[in-house]
Amino acid sequence: MQSVSIIGLGRMGGALAIALSRAGYRVENLIYRSTAVGAITGRISPSARLISFEDLEDVNSDIIFITSADSEIASISSQIASKVKAGSLVFHASGSLSSEILSDVTRVGCYTGSIHPLVSISDPIRGSERFAGAFFCVEGEDNAIAVAREIVANLGGESFSIDTRHKSLYHASAVTASGHLVALIDVAIEMLTKCGVEPDESKRILMPLITSTIENLEVQSTAKALTGTFARADVSTFERHLDALKENVSSEIRRVYLDLGDRSLDLAELEGQDSDNIRKIRDGIMLALRTAK
């Protein structure tokens with residue numbers, strides 16, 4: 001049974017600790033820097049030691065995860081370089097940073113890599129249950145990648161690799177698909193509240209529509225999954241939308257609608273929608289964008 005230490009007990013660190021314990025790893029050290037999350041320790045068997053980073057004397061686990069904030073990873077790597085054993089595998093879970101940030105432990109004989117799950121983790125308990133079926137981006141040294149793929153498989157996920165130089169672009173894609181999706185839904189909720197519907201009720205009303213769209217995307221291309229005004233290149237409806245948006249929402253929200261509408265027209269073109277209508281809507285978008293600034 002491979003031993004694991006986790007440095008950083010936020011949402012990601014806590015979720016990994018619970019999930020790895022369930023998957024048969026011996027999570028022996030839970031190392032915190034500012035606050036300890038005691039709620040997760042009862043879900044780990046056998047029990048793990050809860051250690052303050054300042055009290056850490058050594059960390060001899062086979063696998064070490066650094067799950068701190070991105071800004072702290074390099075510093076932690078430097079500080080544990082004298083406390084790890086050669087041959088250990090050290091991973092971080094950042095989506096935007098590559099394994100090169102772990103150079104200090106590489107120099108003392110550790111194998112380094114990164115493992116980033118493409119799943120939304122809002123708290124450790126629910127997050128630990130979301131790794132199964134998720135995709136994980138892994139990169140780093142060959143030895144580390146081999147172990148990373150094994151870890152992902154044991155968590156019930158699927159792994160894929162990218163070139164180290166593309167790590168930030170990969171993460172931007174993930175943020176757009178998840179974080180920006182939440183922001184977009186927040187915009188839609190705000191628009192519906194302008195119709196006199198309370199925010200919580202607006203969210204409840206929109207969720208089945210959002211869910212059905214995601215379900216369509218699971219089995220269709222983005223072009224075929226697109227529905228609504230832009231999918232139909234419906235000029236008159238677009239013009240009515242513009243009038244309503246000008247009257248009721250901020251220029252910021254109008255720009256979101258218009259920019260995404262322009263991208264939606266690209267998908268409508270792929271589906272063979274009327275080119276004249278697409279051109280009319282594009283002209284309307286360009287004019288509206290100039291006045292929305």
Side-chain angles (χ1 to χ4, degrees), residues 2-23 25 27 29-34 37 40 44 48 53 59 61-80 84 88-106 110-141 144-162 164 166-168 170-175 177-179:
Q2 291 177 298
S3 59
V4 175
S5 287
I6 297 177
I7 303 173
L9 298 183
R11 293 174 290 186
M12 177 68 76
L16 277 173
I18 296 169
L20 288 168
S21 176
R22 288 177 185 156
Y25 293 87
V27 180
N29 297 311
L30 298 174
I31 304 159
Y32 63 94
R33 286 177 64 83
S34 54
V37 183
I40 68 173
I44 295 170
F53 189 79
V59 53
S61 300
D62 301 317
I63 301 168
I64 301 165
F65 277 96
I66 300 175
T67 54
S68 65
D70 287 9
S71 59
E72 298 177 344
I73 292 174
S75 173
I76 291 174
S77 173
S78 175
Q79 291 177 73
I80 67 172
V84 297
S88 293
L89 293 121
V90 181
F91 297 101
H92 70 67
S94 167
S96 62
L97 296 173
S98 77
S99 55
E100 293 172 348
I101 199 77
L102 301 174
S103 58
D104 285 324
V105 289
T106 303
C110 295
Y111 301 106
T112 58
S114 68
I115 303 177
H116 180 252
L118 271 171
V119 65
S120 179
I121 298 177
S122 58
D123 72 75
I125 310 304
R126 279 194 290 260
S128 68
E129 299 168 354
R130 290 180 174 169
F131 294 133
F135 282 87
F136 290 68
C137 180
V138 302
E139 62 83 37
E141 298 178 277
I145 288 178
V147 173
R149 291 188 182 280
E150 181 180 305
I151 291 171
V152 171
N154 289 334
L155 291 176
E158 294 186 53
S159 59
F160 69 98
S161 295
I162 59 169
T164 294
H166 289 313
K167 193 70 187 291
S168 290
Y170 147 79
H171 192 244
S173 169
V175 168
S178 180

By ring-ring contact (aromatic ring centres under 6.0 Å, His included), H116 pairs with (sequence neighbours left out) Y170, H171

Flag the pair N29 / I64 as yes when at least one side-chain heavy-atom distance between them is below 4.5 Å, and no otherwise. no

Could you list the residues that satisfy side-chain hydrogen bond (donor to acceptor under 3.5 Å, both in side chains) with S21, not counting sequence neighbours? none

Residues forming a side-chain contact (heavy atoms from CB on, under 4.5 Å) with N154, sequence neighbours excluded: A23, Y25, E150

What are the two closest heavy atoms between G13 and I6, and how far apart are they? O-CD1, 3.8 Å

Selection residues 114-123 - residue pairs positive for salt bridge (Lys or Arg N to Asp or Glu O under 4.0 Å), sequence neighbours left out: D123-R126

Dump the intermediate steps for side-chain contact (heavy atoms from CB on, under 4.5 Å) on V4 and S61, then the final yes or no. CA-CA 5 Å; V4 175; S61 300; 5.6 Å; no

Sequence neighbours excluded, which residues qualify as salt bridge (charged side-chain N to carboxylate O under 4.0 Å, His left out) partners of E72? R33

Are M12 and P117 side-chain neighbours, meaning at least one heavy-atom pair lies under 4.5 Å? yes

Tell me every residue that passes side-chain hydrogen bond (donor to acceptor under 3.5 Å, both in side chains) with S120, counting only those two or more places apart in sequence or in another chain. none

Of all residues at least two apart in sequence or in a different chain, which pass the side-chain contact (heavy atoms from CB on, under 4.5 Å) check with D104? S77, S78, A81, R107

Let me check something: any side-chain donor-acceptor pairs from residues 131-141 under 3.5 Å, sequence neighbours excluded? List them with distances.
residue: E139; atom: OE1; partner: S99; partner atom: OG; Å: 3.2
residue: E139; atom: OE1; partner: T164; partner atom: OG1; Å: 2.8
residue: E139; atom: OE2; partner: S99; partner atom: N; Å: 2.6
residue: E139; atom: OE2; partner: S99; partner atom: OG; Å: 3.4
residue: E139; atom: OE2; partner: S114; partner atom: OG; Å: 2.7
residue: E141; atom: OE1; partner: T112; partner atom: N; Å: 2.7
residue: E141; atom: OE1; partner: T112; partner atom: OG1; Å: 3.3

Among residues at least two apart in sequence or on other chains, which ones pass side-chain hydrogen bond (donor to acceptor under 3.5 Å, both in side chains) with S88? none

Selection residues 89-102 - residue pairs positive for salt bridge (Lys or Arg N to Asp or Glu O under 4.0 Å), sequence neighbours left out: none

For S103, what residues pass the side-chain hydrogen bond (donor to acceptor under 3.5 Å, both in side chains) criterion, not counting sequence neighbours? none

Does anything in residues 4-15 pair up under salt bridge (Lys or Arg N to Asp or Glu O under 4.0 Å), and if so which pairs, sequence neighbours excluded? none

I would like to know whether I151 and L20 meet side-chain contact (heavy atoms from CB on, under 4.5 Å); could you show each step before the answer? CA-CA 8 Å; I151 291 171; L20 288 168; 3.9 Å; yes

Do I76 and I73 have side-chain heavy atoms sitting under 4.5 Å apart? no

Just do the side-chain contact (heavy atoms from CB on, under 4.5 Å) check on D62 and V147 with the steps written out, would you? CA-CA 11 Å; D62 301 317; V147 173; over 6 Å; no

Ignoring hydrogens and geometry, is there a side-chain-to-backbone donor-acceptor pair from T67 to I7 under 3.5 Å? yes

Given L102 and F91, is the side-chain contact (heavy atoms from CB on, under 4.5 Å) satisfied, shown in steps? CA-CA 8 Å; L102 301 174; F91 297 101; 5.8 Å; no

